[in-house]
Amino acid sequence: MKNEELDQLFKEQLADKEISPPSFIWDKIEKELAPKHKINWIRYAAILAIIFSSALTIFFVKNTKTLSSPEKNMDDKISNLAMLDNKITKETTSAEAPLKKTEHLPENIIKNSDVSQDKTQNKVSSSAYKVKARETFSTRQTIHIEEPLVENNLKELTKNTGHQPLITYHMVEAGPIQSLISFPEQEDNMLASLATSEDEALPPLINKIIDKIRPTDRETPIKVSKDNEGSIQIDFKNIFAKNKNKNKRNK
Amino acid sequence: MEKDSLDKIWGACLRRSRKAQFELYQLFSKKMFAICIRYTESEQEAEDVLQIGFLKVFTNCHDYKGNGSLEGWIRRIIINTALEFHRKNKYTFTNNADEHLQSIISSQETHHPIYYKDLLSLVKTLPLGYRTVFNLAIIEGYSHKEIAIMLSISEGNSKSQLSRARLWLKEKLISIENINS
């Protein structure tokens with residue numbers, strides 16, 4: 001057999017043959033072509049953003065609940081007082097009668113109250129009163145005990161007698177509230193251990209969100225759980241192990 | 001394959017269209033897989049070469065400047081990938097040639113003419129160095145100069161390996177025919 005014959009035989013038989021490769025090869029190629037790392041980083045960033053934002057909102061919601069509630073009550077009281085005061089002023093001006101008025105107000109309030117027309121007509125400027133009241137609340141805890149049905153009484157009195165009604169404020173002064181815990185840094189720990197039902201539901205919720213975001217990455221799970229002290233901890237095991245294994249395999 | 005539609009597919013491949021990439025793969029994967037099989041030791045390895053080769057085609061698609069046919073360029077990439085595999089795995093030149101030959105002889109007992117599969121098995125019995133040069137020179141039709149560059153060997157080495165490969169194949173063919181006759 002000559003060289004040319006041999007070459008011809010092999011070339012004819014072997015060149016330009018077609019054999020179908022298994023279909024999974026394309027799947028592999030497609031997987032490799034996908035911009036995997038980019039997506040992964042976006043995913044991780046999204047997860048972190050969600051966790052931090054939820055943590056922040058929870059933190060602020062809790063803080064505002066505990067801090068703002070007494071202040072709000074105080075504001076309510078003040079506005080109630082102001083309304084009442086306005087009414088009193090109206091009544092007194094319409095009555096236009098000299099009156100005897102006794103007030104058991106705290107001294108500082110009386111001093112600062114705005115006396116406008118008469119000494120007998122004790123018109124208390126609502127704005128000044130309000131400001132003063134706010135100061136009082138901020139410096140010390142003041143509790144107003146208002147007479148029930150003051151408004152009704154006032155109306156009846158003015159109708160029947162045409163005289164300025166007698167208004168009585170009972171004020172009880174209390175000293176500043178003492179904190180129960182002597183060391184504020186211990187307070188945090190104590191609060192953290194008071195796990196409410198709201199807190200218990202949080203880690204599973206975050207886990208569900210994470211599962212939704214990255215459903216395929218079962219081998220590198222990111223889990224959120226609660227530790228003994230009530231803090232939320234994030235476990236991401238093997239998050240970078242994928243690449244490591246790949247490099248090893250290639251070698 | 002009409003040239004226009006191939007150009008269209010390739011243009012879309014340059015824009016990283018997944019659909020076009022799949023079409024290109026459909027067009028050439030069969031031919032390229034046959035080439036992979038000739039150069040590799042096992043089917044598993046051929047699959048790996050095909051996968052990595054096509055990935056290179058898609059990721060380095062902008063390297064194709066239009067010199068020569070697209071198929072030739074893809075083939076060159078596939079072959080280079082196979083040669084890289086050889087280098088990486090540092091194959092020794094000893095292999096189980098006799099076993100292969102035995103299977104060919106047994107298949108010949110039914111007196112079928114020598115066709116693709118038999119010749120393929122025969123080429124696969126060649127030691128790796130001979131086989132690679134034989135594949136490149138005879139079947140792919142590269143010149144000894146090109147082969148020397150691709151394998152980083154001398155031109156003379158390429159020529160001598162080819163003549164030894166031919167000699168080996170002739171011997172095997174004769175022995176098969178003797179058994180059959």
Side-chain angles (χ1 to χ4, degrees), chain A residues 1-47 212-220 238-251, chain B residues 13 16 18 21-22 24-38 43-44 46-59 71 75 88 113-120 122-124 134-135 137-141 162-163 165-174 177:
Chain A
M1 190 186 257
K2 280 179 193 167
N3 279 352
E4 286 74 33
E5 283 174 346
L6 181 96
D7 294 354
Q8 194 59 34
L9 174 71
F10 277 94
K11 194 168 181 185
E12 263 176 23
Q13 290 298 323
L14 298 183
D16 295 331
K17 280 286 162 190
E18 294 196 349
I19 300 169
S20 295
S23 58
F24 64 81
I25 290 180
W26 171 253
D27 299 336
K28 279 186 182 175
I29 291 169
E30 200 173 21
K31 212 174 159 189
E32 292 274 336
L33 282 172
K36 209 166 47 183
H37 292 286
K38 216 176 171 182
I39 280 176
N40 273 358
W41 281 114
I42 288 167
R43 276 181 182 175
Y44 295 140
I47 290 161
K212 279 276 183 291
I213 294 167
R214 45 203 298 285
T216 52
D217 304 350
R218 292 281 177 210
E219 63 266 36
T220 60
N238 300 327
I239 200 161
F240 302 113
K242 219 183 190 173
N243 293 341
K244 217 168 134 192
N245 288 342
K246 202 192 275 172
N247 289 341
K248 267 184 197 168
R249 226 187 300 135
N250 285 344
K251 272 167 198 168
Chain B
C13 281
R16 305 264 190 260
R18 189 55 43 82
Q21 285 172 338
F22 182 59
L24 193 83
Y25 176 81
Q26 293 283 56
L27 279 176
F28 293 115
S29 64
K30 289 174 185 171
K31 230 175 232 182
M32 295 307 148
F33 193 53
I35 293 170
C36 291
I37 285 172
R38 264 193 286 122
E43 189 141 328
Q44 166 77 51
E47 286 164 10
D48 289 350
V49 169
L50 188 74
Q51 187 197 328
I52 293 166
F54 263 98
L55 269 175
K56 278 185 192 167
V57 168
F58 293 136
T59 48
E71 192 187 324
R75 183 193 286 137
K88 230 192 265 175
I114 297 171
Y115 279 136
Y116 169 72
K117 275 197 173 171
D118 312 304
L119 289 180
L120 178 69
L122 209 57
V123 168
K124 285 197 139 192
F134 186 80
N135 266 328
I138 304 303
I139 298 164
E140 258 72 61
L162 178 64
S163 63
R166 278 189 183 127
L167 214 65
W168 172 291
L169 287 171
K170 271 182 204 167
E171 272 175 32
K172 300 295 175 195
L173 278 172
I174 288 161
E177 273 167 14

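To find a chain, count down the sequence lines: A is the first, B the second, and so on, and within it residues start at 1. Reckoned from all heavy atoms, side chains included, excluding hydrogens, waters and symmetry mates.
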Give, as side chain, backbone, both or neither, the part of B:Phe134 having an atom under 4.5 angstrom from any heavy atom of chain A. side chain
My understanding is that only residues two or more places apart in sequence, or in another chain, count here; which of them pass salt bridge (Lys or Arg N to Asp or Glu O under 4.0 Å) with B:Lys31? B:Glu71
How many angstroms lie between atom CZ of A:Phe24 and atom CD of B:Glu47, to the nearest 0.5 angstrom? 4.0 Å
Side chain, backbone, both or neither of A:Glu30 within contact of chain B (heavy atoms, under 4.5 Å): both
Chain A heavy atoms under 4.5 Å from B:Arg75: which part of the residue, side chain, backbone, both or neither? side chain
Counting distance only, does the side-chain N/O of B:Arg16 pair as donor-acceptor with the main-chain N or O of B:Phe58 below 3.5 Å? yes
Any idea which of B:Leu55, B:Ile37, B:Asp48 has the most non-hydrogen atom pairs under 4.5 angstrom with chain A? B:Leu55
Tell me, please, which residues at least two apart from B:Glu140 pass salt bridge (Lys or Arg N to Asp or Glu O under 4.0 Å). B:Arg38
